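Here the structure is a predicted model, which means the values were calculated and not measured.
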Amino acid sequence: TLSTNASGSLLWNTGQSSASITVNSAGTYTVTTTVNGCTSAAGSGVASPKSTPATPAVTVTNNCGNTVLSTTATGTLLWNTGQSTASITVITAGTYTVTTTVNGCTSASGSGIAAPKAVPATPTVGTIVQPTCSVSTGSVTLSNLPSGSWTLTRNPGNVTTTGTTATATITGLAAGTYTYTVKNAVGCVSGITTNVVINTQPATPAKPAKGTVTQPTCAVPTGSVVLS
């Protein structure tokens, strides 16, 4: 903005006749004033408009449970979250914007769309079936599994099971303590379940040994046997 406090009829070399003018090109601007038909020599001023910074480019990285938005723009940054760092981490999907201010001039807003990947819920440990005398292994039922395809991982052992149902029963478990996590179709992994404890198979009782056998008599109609 160039301005003068001269009176009379003003004339800028832009053709304007106001006391101040606003220009957006650098250069020398002149103005004269005419009073009672007499025109002054030209007064001049040199304009050097500050440049508006370029709109910041925003890079978006969608992770499991959060999104990182970042920019390489210089200057004083301001995100619509109120943060002023070069990168921000958000957990809510939506559009995020950032401006940069250099020498008092503020850019247009750059934007990025955050879409964090969903983290599956921790599987719920349900019924645990323990080994029996006749079955050497146990099983566990896990529920609250994610929709779509999933992969359960059992530890220790890093043993995987895949499926698509909301509930799964894992069989063939030897005695031990296990935990499970589940990975959903987009590759995000849940928290760890509570412990699944499979007991040692109970021992099968030894075959009874037959001892003394007493037969019925004329006076006693029944017999007996001693087992040990």
Side-chain angles (χ1 to χ4, degrees), residues 59-70 81 83 85-94 96 112-217 220-228:
T59 300
V60 178
T61 304
N62 291 313
N63 303 313
C64 295
N66 67 59
T67 294
V68 177
L69 301 101
S70 59
T81 61
Q83 295 165 273
T85 52
S87 66
I88 62 172
T89 300
V90 299
I91 59 174
T92 303
Y96 293 83
I113 298 174
K117 299 175 184 178
V119 176
T122 301
T124 300
V125 175
T127 302
I128 298 174
V129 177
Q130 298 295 344
T132 65
C133 297
S134 58
V135 179
S136 61
T137 59
S139 66
V140 61
T141 299
L142 301 173
S143 60
N144 201 29
L145 302 178
S147 59
S149 59
W150 46 256
T151 301
L152 281 166
T153 299
R154 185 185 82 209
N155 277 301
N158 201 37
V159 178
T160 59
T161 302
T162 59
T164 58
T165 57
T167 300
T169 299
I170 311 300
T171 60
L173 299 176
T177 299
Y178 304 98
T179 59
Y180 289 85
T181 58
V182 66
K183 181 169 65 176
N184 61 15
V186 298
C188 295
V189 180
S190 72
I192 301 172
T193 63
T194 55
N195 287 342
V196 175
V197 179
I198 302 298
N199 299 330
T200 302
Q201 182 183 20
T204 301
K207 178 181 178 181
K210 184 178 70 172
T212 302
V213 176
T214 302
Q215 299 296 338
T217 65
V220 179
T222 60
S224 64
V225 62
V226 176
L227 301 176
S228 62

Item checked: Ile128 and Ile198, any side-chain heavy atoms less than 4.5 Å apart -> yes

Margin query: With heavy-atom distances below 4.5 Å as the criterion, would you say the side chains of Ile170 and Tyr178 are in contact?
Written below: no

Notebook entry, point to check: Are the side chains of Lys210 and Val225 in touch, meaning some heavy atoms are under 4.5 Å apart?
Noted result: yes

Note to self: If you define the side chain from C-beta out and look only at heavy atoms, does anything of Leu173 sit under 4.5 Å from Arg154?
What the structure shows: yes

Check: Who pairs with Thr177 by side chain to side chain contact (heavy atoms under 4.5 Å, CB included), at least two apart in sequence or on another chain?
Finding: Asn195, Val197

Checklist line | Taking every non-hydrogen atom, the tightest pair across Thr194 and Thr179 | finding: O-CG2, 4.4 Å

Checklist line | disulfide bond (SG atoms under 2.5 Å apart) pairs, two or more places apart, involving residues 120-166 | finding: none

Check: With Thr122, which residues qualify under side chain to side chain donor-acceptor pair (under 3.5 Å), at least two apart?
Finding: none

Checklist line | Residue pair Pro116 / Gly65: nearest heavy atoms and the distance that separates them | finding: CB-C, 3.9 Å

Next item on the list: Please round to the nearest 0.5 Å and tell me the distance separating atom CG of Asn158 and atom OG1 of Thr181.
Entry: 8.5 Å

Notebook entry, point to check: Can you name the closest pair of heavy atoms from Leu227 and Pro208 and give their distance?
Noted result: CB-CB, 4.4 Å

Next item on the list: State, yes or no, whether a side-chain contact exists between Asn184 and Val182 at a heavy-atom distance under 4.5 Å.
Entry: no

Note to self: Tell me which pairs pass side-chain hydrogen bond (donor to acceptor under 3.5 Å, both in side chains) where either residue lies in residues 132-151, with sequence neighbours left out.
What the structure shows: Thr132-Ser134, Thr141-Thr169

Next item on the list: Please examine the side chains of Leu142 and Val125, heavy atoms only from C-beta on, and report whether any two atoms are closer than 4.5 Å.
Entry: yes

Next item on the list: Scan for disulfide bond (SG atoms under 2.5 Å apart) pairs involving residues 147-208, sequence neighbours excluded, and state none if there are none.
Entry: Cys64-Cys188

Check: Hey, are the side chains of Pro123 and Leu145 touching, using non-hydrogen atoms and a 4.5 Å cut-off?
Finding: yes

Margin query: Apply side chain to side chain contact (heavy atoms under 4.5 Å, CB included) to residues Thr161 and Tyr180 and explain how you reach the verdict.
Written below: CA-CA 10 Å; Thr161 302; Tyr180 289 85; 5.9 Å; no

Note to self: For the residue pair Gln83 / Thr81, report whether a side-chain donor-acceptor contact shorter than 3.5 Å exists.
What the structure shows: yes

Note to self: Within this structure, what is the CG-NZ distance for the pair Leu152 and Lys183, rounded to the nearest 0.5 Å?
What the structure shows: 11.5 Å

Next item on the list: Give me the one residue out of Thr61, Leu69, Val68, Asn63 that meets side-chain contact (heavy atoms from CB on, under 4.5 Å) with Thr89.
Entry: Val68

Notebook entry, point to check: Are the side chain of Asn62 and the backbone of Ala115 linked by a donor-acceptor contact shorter than 3.5 Å?
Noted result: yes

Margin query: Once disulfide bond (SG atoms under 2.5 Å apart) is applied, what residue pairs with a partner in residues 134-169 remain, sequence neighbours excluded?
Written below: none

Notebook entry, point to check: Donor-acceptor pair, Gln130 side chain versus Asn199 backbone, under 3.5 Å?
Noted result: yes

